[in-house]
Undergrad: 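Starting off with a structure, shown below.
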Amino acid sequence: MKRPFALIGITYLSVQAALFYLESDLAAAILTAVCFIGTIVSLFILKNRNLRHTVLCFCLTAAFASTIFSGYNIFVKQPIVDKYSEREIYVTATVLEQPTMQYDTYRYLIETDSINGKIEKLKICLSTINELNVEEFDRISCVLPLKECTKSQMIADGAFLQASVNKNFAYIVKKTDDKPLYYQAVKIRENFADSFEQNMSQDCASLCRAVLLGEKTALSQEIQNDFTRCGVSFLIVVSGMHLAIISSFVFLCIKKIIKNRVLRSMIMLMCAFSFMAVTGFAPSVVRAGVMLAVVYSGKMFMRKGDSLNSLGIAALILTVPNPTAVADVGMLLSFTATLGIILWARKISVYIMGKFAKLKRLKKPVEFTVNLFAVSVSATVWTMPISVLMFGKVSVFSILLSVILSPAVSVLVACALLAVILYGFGIVSIIAYPLTFVCEQLSKYVIFIVGTFSDIPFSSVNARKPYFYICLALIAVMVIVGYFVKNKANYAVKSAVISLCVLALGFAVYSVIDVNTTVINIYATGGNTVTVKRGKNCSVVSCGGEAANVYYAVSDIMEDTTLLDFLIVPSDSDGSLLYADIFQTKFDESDVLIYDSKGENEDNGNVKYFTVNKSFTLNLNSETKDEAVSTESGVYQYISTESTAVLLLDGNCKAEDILEKHRKADYIITDKDGDNLQDICGKRIITNTDDANAKDCEDMIFVRDKNLQIVID
């Protein structure tokens with residue numbers, strides 16, 4: 001067993017991530033059984049000593065990780081949730097971080113000093129409409145209505161409870177002068193951000209803040225979605241790549257000045273730790289920082305570091321103290337991308353450069369491009385399973401854009417860092433202005449390229465299809481088999497061809513099936529956002545919910561089409577009208593039908609309004625009819641095919657206002673779980689509920705974190 005820390009650390013991380021996202025007792029039971037069988041096999045059957053030790057180490061580590069994770073949930077997390085969820089409590093708490101802002105909502109991470117007068121330490125995610133008049137590490141006293149936290153990033157930070165308050169939120173602030181050392185790192189981050197905002201345009205400044213400081217939320221939602229659709233979100237999430245750029249830049253500056261190996265290594269370690277602090281100890285940066293620390297610690301003692309062992313040590317440092325750290329998807333992407341680069345990048349690069357053995361004049365630029373391509377391919381392929389499982393999409397242009405944009409982002413990070421440092425040195429700050437100009441132009445270039453590719457139809461592919469998972473499983477099997485094949489190059493080519501053929505065949509078969517299938521997609525937006533799709537025909541028959549989720553729904557729909565046959569807005573609430581505006585901006589529509597309860601608007605082109613006590617019937621596609629009825633209490637739609645009927649209720653539509661012929665349906669989709677629906681037949685699908693503990697049952701489904709798709713023909 002050559003790399004024990006790699007095996008232990010990566011196994012520990014993988015097991016905890018699997019248990020966290022599967023949320024299944026069956027998965028834990030299966031894992032326990034596998035570990036038991038593996039242990040027996042390794043002890044009594046395997047003859048090869050090295051293989052026996054490897055299998056035994058894997059099984060023991062997996063069993064230990066499972067035990068720790070289950071114990072943490074049972075004895076730490078769940079008691080907190082059971083004790084305080086769905087309760088209103090009075091807290092005195094400390095603000096731990098700068099707020100993040102998204103969709104006009106400020107999100108604070110606070111840690112309680114006392115709860116209802118009793119000393120108790122708990123982390124809480126506090127969401128507010130207005131920005132609070134507090135600084136980091138100030139203390140606030142307030143009453144909070146608590147629920148179980150559903151935000152993955154906050155869970156990763158150890159916050160198992162959340163509270164959302166309105167604009168009338170009352171709180172008392174106690175300013176503190178006794179700030180921890182980390183407060184200085186926070187102020188440096190704020191100064192850096194202010195430097196960008198004062199000297200650059202808004203979008204460019206936001207991009208610089210994202211790539212240097214990890215403040216992704218500073219970017220507009222549209223730009224964030226462009227990066228996501230193109231599969232290059234890693235460029236705007238501060239990570240190991242950014243730390244590598246900065247450390248290389250620092251090393252280049254000091255290597256001629258400082259000759260002492262130990263002193264130089266210590267300076268590099270201090271720089272790495274400082275960058276981790278300034279970025280808020282983002283898990284992806286901590287991972288890279290630990291690996292860098294192992295490398296330079298080895299150099300101090302004339303030891304050569306091992307990348308895989310360093311990665312394993314980083315995994316243990318992040319997950320052993322906090323098992324819920326695996327809730328951070330960015331951390332998982334960072335680890336898998338790094339693992340792929342370590343295992344594949346060099347081999348791919350050597351193989352390709354072997355084809356250019358006779359090249360002399362252009363060898364350096366070719367080698368640079370090949371290395372960049374090898375790193376991009378390795379990272380993209382290894383992160384693909386997580387991207388598919390978490391986001392359900394794969395970008396067609398991710399590798400190409402990674403090769404095109406990575407050099408620009410590397411230069412941008414180095415110039416941005418040097419510029420913000422120089423701004424603090426009086427007269428020397430004049431040198432920062434040319435660097436700021438370079439940052440501005442590079443930012444515009446990156447935003448333009450990403451925006452252009454994002455607008456290309458089907459720039460990202462919806463991977464939530466059965467054939468895609470089959471292809472993914474096949475690739476995993478072939479990768480494992482490949483390690484036992486002697487002629488790996490020939491095997492790799494054949495495997496790639498087989499994988500593409502299976503993917504193409506699956507796409508062809510599914511396309512034929514898809515043309516003849518009508519499906520209703522219900523999006524987890526906290527309200528009714530529903531589409532009806534059959535082949536190339538797609539209509540949005542309702543749009544509503546929390547503004548924070550509209551762009552996700554839009555992005556998901558755009559993976560299949562950019563043309564809507566109908567956009568129906570059955571509610572004139574501010575949220576629904578906001579959704580409608582965004583849909584109209586992003587899609588071409590044949591007809592837009594908007595409910596206007598007051599009758600104040602006039603038809604304009606393809607935009608038509610309907611008022612109270614009016615009804616109409618639309619043929620959404622060749623097999624699906626939509627009867628929309630406007631009543632005194634609200635609007636409902638009766639969507640039907642030959643075999644299935646769906647009743648879609650928006651707003652406060654009352655059961656007694658529903659026509660007798662529409663009172664029987666296979667499914668009832670509603671944003672409210674009201675008692676007034678008891679007389680309506682059908683399985684209820686609830687898209688919004690205040691009860692976080694409500695569970696799916698035989699006649700009721702709650703759409704919260706994941707979208708729901710039902711086939712109606």
Side-chain angles (χ1 to χ4, degrees), residues 16 19-25 28 68-97 99-100 102 105-129 132 139-166 168-171 322-329 524-527 545-546 548-549 671-674 684 686-697 700-706:
Q16 292 205 333
L19 292 176
F20 179 84
Y21 289 103
L22 289 175
E23 297 182 273
S24 170
D25 294 333
I68 292 295
F69 188 84
S70 300
Y72 189 83
N73 278 330
I74 294 171
F75 299 109
V76 178
K77 179 184 175 183
Q78 202 56 44
I80 293 173
V81 174
D82 293 341
K83 185 176 180 180
Y84 293 112
S85 181
E86 305 303 324
R87 286 186 57 191
E88 198 171 76
I89 62 172
Y90 178 79
V91 304
T92 301
T94 301
V95 179
L96 296 181
E97 271 289 356
T100 58
Q102 198 168 21
T105 300
Y106 295 89
R107 189 179 297 169
Y108 293 83
L109 179 64
I110 64 175
E111 184 176 51
T112 63
D113 300 313
S114 66
I115 298 177
N116 293 333
K118 296 181 180 179
I119 296 175
E120 187 165 2
K121 294 286 187 180
L122 290 179
K123 288 183 179 178
I124 299 172
C125 171
L126 173 60
S127 298
T128 67
I129 296 175
L132 303 182
R139 288 180 172 81
I140 64 171
S141 300
C142 56
V143 175
L144 297 178
L146 296 183
K147 295 181 180 180
E148 182 176 359
C149 187
T150 57
K151 298 174 175 62
S152 295
Q153 183 59 57
M154 289 297 175
I155 294 174
D157 288 333
F160 307 135
L161 299 167
Q162 65 182 33
S164 298
V165 296
N166 58 31
N168 297 319
F169 174 57
Y171 62 97
N322 178 21
T324 56
V326 293
D328 189 335
V329 178
T525 60
E546 298 175 7
N549 299 316
D671 57 355
K672 292 186 178 180
D673 179 22
R684 278 182 285 172
I686 315 299
T687 60
N688 184 23
T689 177
D690 293 329
D691 185 3
N693 296 315
K695 301 294 183 183
D696 293 348
C697 59
M700 194 175 297
I701 300 173
F702 294 96
V703 181
R704 287 199 191 88
D705 302 326
K706 297 179 181 178

Undergrad: Heavy atoms only: give me the nearest C142-A170 pair and the separation to one decimal.
TA: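 Smallest interatomic distance, heavy atoms only, reads CB-O, 3.6 Å.
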Undergrad: According to side-chain contact (heavy atoms from CB on, under 4.5 Å), who are the partners of N73, at least two apart in sequence or on a separate chain?
TA: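 With sequence neighbours excluded, N73 shows a side-chain contact (heavy atoms from CB on, under 4.5 Å) to F69, K77, given in chain and number order.
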Undergrad: Could you tell me whether the side chain of S164 and the main chain of S127 form a donor-acceptor pair under 3.5 Å?
TA: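 It does not hold such a pair.
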Undergrad: Nearest 0.5 Å, please: how far is CD in E111 from CD in E97?
TA: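 Spacing of CD (E97) from CD (E111) equals 12.0 Å.
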Undergrad: Tell me, please, which residues at least two apart from Y108 pass side-chain contact (heavy atoms from CB on, under 4.5 Å).
TA: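 For Y108, the residues satisfying side-chain contact (heavy atoms from CB on, under 4.5 Å) (neighbours in sequence not counted) are V95, P99, Y106, I110, L126, T128, E131, L132, V134.
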Undergrad: Using the test side-chain contact (heavy atoms from CB on, under 4.5 Å), find all partners of S70 that sit at least two apart in sequence or belong to another chain.
TA: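 For S70, the residues satisfying side-chain contact (heavy atoms from CB on, under 4.5 Å) (neighbours in sequence not counted) are S66.
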Undergrad: Under the ring pair (Phe, Tyr, Trp, His ring centres under 6.0 Å) test, which residues partner F169, sequence neighbours left out?
TA: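 Here the qualifying residues are Y171.
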Undergrad: Taking atom CD of E86 and atom CG of L161, what is their separation to the nearest 0.5 Å?
TA: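 Rounded to the nearest 0.5 Å, the CD-CG separation comes to 10.0 Å.
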Undergrad: For R87, run the side-chain contact (heavy atoms from CB on, under 4.5 Å) check against L144, N116, L146 and tell me which one passes.
TA: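 The residue from L144, N116, L146 that satisfies side-chain contact (heavy atoms from CB on, under 4.5 Å) with R87 turns out to be N116.
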Undergrad: Do you know the tightest heavy-atom contact between L109 and A159?
TA: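 Smallest heavy-atom distance, with atoms named: CD1-CB, 3.9 Å.
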Undergrad: Who pairs with R139 by salt bridge (charged side-chain N to carboxylate O under 4.0 Å, His left out), at least two apart in sequence or on another chain?
TA: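 Partners of R139 by the salt bridge (charged side-chain N to carboxylate O under 4.0 Å, His left out) criterion, ordered by chain and then number, come out as D113.
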Undergrad: Taking only residues two or more places apart in sequence, or in another chain, which ones meet T324 in a side chain to side chain donor-acceptor pair (under 3.5 Å)?
TA: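 Side chain to side chain donor-acceptor pair (under 3.5 Å) list for T324, sorted by chain: N322.
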Undergrad: Report yes if some heavy atom in the side chain of C149 is under 4.5 Å from a heavy atom in the side chain of I124; otherwise report no.
TA: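 Not in contact.
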Undergrad: Indicate the atoms forming the closest heavy-atom contact of I74 with P79, along with that distance.
TA: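 Smallest heavy-atom distance, with atoms named: O-CD, 3.1 Å.
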Undergrad: List the residues meeting salt bridge (charged side-chain N to carboxylate O under 4.0 Å, His left out) with D82, not counting sequence neighbours, and say none if there are none.
TA: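 D82 satisfies salt bridge (charged side-chain N to carboxylate O under 4.0 Å, His left out) with no residue once adjacent residues are dropped.
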Undergrad: Could you report the tightest heavy-atom contact between I155 and A327, atom names first, then the distance?
TA: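 It is CG2-CB, 4.0 Å.
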Undergrad: Under the side chain to side chain donor-acceptor pair (under 3.5 Å) rule, collect the residues that match up with Q162, sequence neighbours excluded.
TA: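 Side chain to side chain donor-acceptor pair (under 3.5 Å) list for Q162, sorted by chain: K151.
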Undergrad: Answer yes or no: is there a donor N or O on one side and an acceptor on the other, between the side chain of T94 and the main chain of L96, under 3.5 Å?
TA: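 Not confirmed, T94 side chain does not pair with L96 backbone.
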Undergrad: Of the non-hydrogen atoms in C125 and R107, which two are nearest, and what is the gap between them?
TA: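 Heavy atoms of C125 and R107 come nearest at SG-CG, 3.4 Å.
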Undergrad: Holding to salt bridge (charged side-chain N to carboxylate O under 4.0 Å, His left out), I want the full list of residues that pass it with E120, two or more places apart in sequence or in another chain.
TA: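 In terms of salt bridge (charged side-chain N to carboxylate O under 4.0 Å, His left out), with neighbours along the sequence ignored, E120 is linked to K83.
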